[in-house]
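Residue numbers start from 1 in every chain, and the chains themselves are labelled A, B, ... in the order their sequence lines are given, proteins ahead of strands.
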Number of protein chains: 2
Amino acid sequence: MEVVMKPTIKDIAAKSGFSIATVSRVLGNKTGSYSEKTQIKILKVAKELGYRKNSVAVDLVKKRSDVIALIINATPTNFSTQIIDGIQQRASELGQGVIILYAGNRDNGLQHKAIITALERSVTGILLAAIEPDEQDLALLKASRIPYCFVSLYLGTRDILAVSSDNRDLAYQATQYLIDRGHTRISLVGIDGYHTGSQRQAGYRDAMAANQLTAADILSGDYSYESGVKLLQQVHDQGVTAVIAASDMVAAGLLTAAQQQGLTIPRDLSIMSIDGTIICQITTPALTSVTQDFYRIGSQSVNKVMGQPAEDFIPVVITERASVAVQK
Amino acid sequence: MEVVMKPTIKDIAAKSGFSIATVSRVLGNKTGSYSEKTQIKILKVAKELGYRKNSVAVDLVKKRSDVIALIINATPTNFSTQIIDGIQQRASELGQGVIILYAGNRDNGLQHKAIITALERSVTGILLAAIEPDEQDLALLKASRIPYCFVSLYLGTRDILAVSSDNRDLAYQATQYLIDRGHTRISLVGIDGYHTGSQRQAGYRDAMAANQLTAADILSGDYSYESGVKLLQQVHDQGVTAVIAASDMVAAGLLTAAQQQGLTIPRDLSIMSIDGTIICQITTPALTSVTQDFYRIGSQSVNKVMGQPAEDFIPVVITERASVAVQK
DNA sequence: CTGAAAGCGCTTACAG
DNA sequence: CTGAAAGCGCTTACAG
């Protein structure tokens with residue numbers, strides 16, 4: 001029974017009386033290489049048969065996919081939607097589809113697997129969002145002939161394509177903002193020591209130093225809500241008047257825990273968040289933040305991986321809400 | 001220069017002195033069909049050449065991908081991470097990869113495009129998460145020979161595979177919970193009239209009726225934070241003592257707006273949320289919720305689309321936090 | 001255990 | 001404008 005088989009151009013050729021070459025041309029819209037009558041006939045037959053192109057075959061012969069692979073992990077903070085929107089939008093303008101490969105939450109195995117999957121599918125380019133690559137990942141990527149670009153992560157070298165906020169500058173601005181409001185004892189909380197984390201640590205330290213202030217011990221964490229909750233006590237012990245939270249989620253955790261301790265924010269503690277997602281609006285008080293332009297980070301990274309001119313660093317902006325008080 | 005070309009099994013065959021058939025067998029691990037010496041030799045050459053399999057070619061000849069396509073849209077509430085985790089986990093247990101196709105935010109065009117993309121790539125199955133299909137989408141899906149399953153959406157018929165919470169029951173439970181705590185004037189807020197929405201509306205109405213209570217006008221919205229903010233005034237005008245929010249985001253919006261109006265939650269208004277994501281912990285007070293088991297919804301949907309036994313409806317649970325007061 | 005050959009569903013010079 | 005043929009990189013009966 002033919003019924004059960006997916007129809008191919010061969011079926012269309014047989015039924016229409018043309019060769020598969022001609023069928024391929026009209027289906028592929030190679031305008032000018034077929035007559036209108038032929039087109040009409042073939043299109044009609046294709047529709048009758050319920051024909052649907054087999055992209056796998058097309059990709060094989062064309063040796064490329066016209067799809068960008070986006071590898072992303074489940075970060076505790078939910079900025080990914082904006083990044084994805086930016087990527088999708090720009091990719092579609094450039095005629096590229098995008099498939100998302102999920103790398104778990106900082107799961108090195110999954111991450112590696114995702115890279116390999118992308119490599120094996122002859123994608124146009126690979127985007128790695130918020131992925132901290134290990135040596136192996138990097139070696140794999142470098143050995144491939146496929147362009148790749150890190151998104152929202154700067155590896156510290158121009159040799160590797162990347163689009164992100166300038167994390168040093170971002171933390172510097174956050175710190176300076178607090179200093180400008182009279183704070184002198186300021187802490188940085190919930191951060192790790194990978195690329196993004198250490199760049200932010202540097203920005204924080206530089207700003208403190210530039211203002212002749214001594215930096216507090218940095219409180220390590222993993223950017224999560226739980227980190228924030230857990231670290232509040234240490235923040236309190238530090239005796240600081242203001243904190244910079246490594247992410248909106250850390251800020252939210254800090255806030256909840258502080259309130260449970262009976263603290264009033266921002267009177268007893270000012271919180272400056274990093275990211276500026278909708279989380280900042282949900283909390284009470286709303287969180288003042290250094291806001292990243294994730295959409296633009298996404299769209300520019302597509303430009304970059306497609307070999308078009310693109311910005312390296314996307315400017316951030318400070319969004320004043322209600323979690324920072326002026327220190328007398 | 002050979003250097004620039006990606007090596008193929010033909011290159012390995014040439015360099016190792018074996019035929020491409022044998023190369024294919026050892027690379028494909030067809031144990032028993034080659035000698036150990038051969039294996040060692042071929043693997044060595046493959047490594048030297050930096051060989052990487054071309055999955056596109058493999059898929060073409062095998063006529064299937066061993067990947068599940070997950071089509072997902074950017075819902076205002078961020079439960080997707082949990083669904084994805086569940087899907088990824090179960091899929092990998094079954095030897096399936098998963099690619100995610102992003103359908104924007106209720107964007108019918110993108111949604112349709114995503115379905116077509118999946119159809120053209122001979123995936124093992126298609127999962128549609130929180131997607132309300134239109135006629136066209138459904139026709140497309142039905143016409144294909146690829147199994148598909150809706151995730152977190154029940155179309156109201158057993159003919160179409162789906163795994164979700166029982167949304168009627170979910171809303172019924174939420175309503176009954178409030179009634180049990182003395183509330184009689186209860187509203188349902190931020191919901192739409194599609195499948196999930198109307199099922200919840202029915203559950204709400206049924207519970208009210210079963211308790212001889214009159215249902216308030218349902219306040220329509222799109223499950224977003226903004227909906228919650230915008231609808232608070234109407235909730236207030238209704239004079240209810242408790243609301244069921246269509247999602248965590250709606251609940252958060254309601255809460256923020258209420259607090260801005262000077263209301264104290266839950267004293268002045270009890271809020272019962274639907275979803276139970278981390279958002280519920282972030283707000284002050286924390287939101288009591290009907291909590292869905294998104295992870296399980298995800299993993300069971302994989303079973304279902306792979307033709308394995310699976311549950312249709314995943315039980316929900318009520319998580320008491322601090323946004324519901326007992327009404328005297 | 002191994003190889004020659006056919007074939008997966010397309011595209012694209014080449015020739016007419 | 002159209003068709004016959006080669007080929008994309010693999011897998012897998014078939015024969016030995």
What residues form a salt bridge (Lys or Arg N to Asp or Glu O under 4.0 Å) with B:Glu311, not counting sequence neighbours? B:Arg296

DNA chain C: B:Phe18 or B:Val61, which has the more 5' nearest nucleotide? B:Phe18

In sequence, state the C-alpha distance, the side-chain angles, and the governing distance for B:Asp312 and B:Lys304, and then conclude on salt bridge (charged side-chain N to carboxylate O under 4.0 Å, His left out). CA-CA 9 Å; B:Asp312 292 302; B:Lys304 191 152 261 189; 2.2 Å; yes

What parts of residues 20-42 of chain B reach DNA chain C, counting only heavy atoms under 4.0 Å away? B:Ala21, B:Thr22, B:Arg25, B:Gly32, B:Ser33, B:Tyr34, B:Ser35, B:Thr38

Taking side-chain contact (heavy atoms from CB on, under 4.5 Å) as the definition, give me every residue that meets it alongside B:Leu140, ordered by chain and number, with sequence neighbours left out. A:Arg52, B:His112, B:Ile115, B:Ile116, B:Leu119

Among residues at least two apart in sequence or on other chains, which ones pass ring pair (Phe, Tyr, Trp, His ring centres under 6.0 Å) with A:Phe294? A:Phe79

B:Ala129: side-chain contact (heavy atoms from CB on, under 4.5 Å) partners, not counting sequence neighbours: B:Leu70, B:Ile72, B:Val151

Using the heavy-atom set of chain A and a strict 4.0 Å cut-off, write down the first and last nucleotide of DNA chain D that makes it in, 5' to 3'. D:dC1 to D:dG9

With A:Thr22, which residues qualify under side chain to side chain donor-acceptor pair (under 3.5 Å), at least two apart? A:Ser19

Please work out the stems of DNA chain D from pairs that are Watson-Crick or G-U wobble with both distances under 3.5 Å, keeping only runs of three or more consecutive pairs. C:1-3 with D:14-16, C:5-12 with D:5-12, C:14-16 with D:1-3

Residues that B:Gln199 engages under side-chain contact (heavy atoms from CB on, under 4.5 Å), provided they are two or more places apart: B:Tyr154, B:Asn167, B:His195

Test side-chain contact (heavy atoms from CB on, under 4.5 Å) applied to B:Ala114 - qualifying residues, sequence neighbours left out: B:Ile71, B:Leu101

Keeping to residues at least two apart or across chains, list the side-chain hydrogen bond (donor to acceptor under 3.5 Å, both in side chains) pairs with something in residues 23-36 of chain A. A:Ser35-A:Thr38

All side chain to side chain donor-acceptor pair (under 3.5 Å) counterparts of A:Lys44, not counting sequence neighbours: A:Glu48

Inter-nucleotide P distance (C:dA5, C:dC1), Å rounded: 24 Å

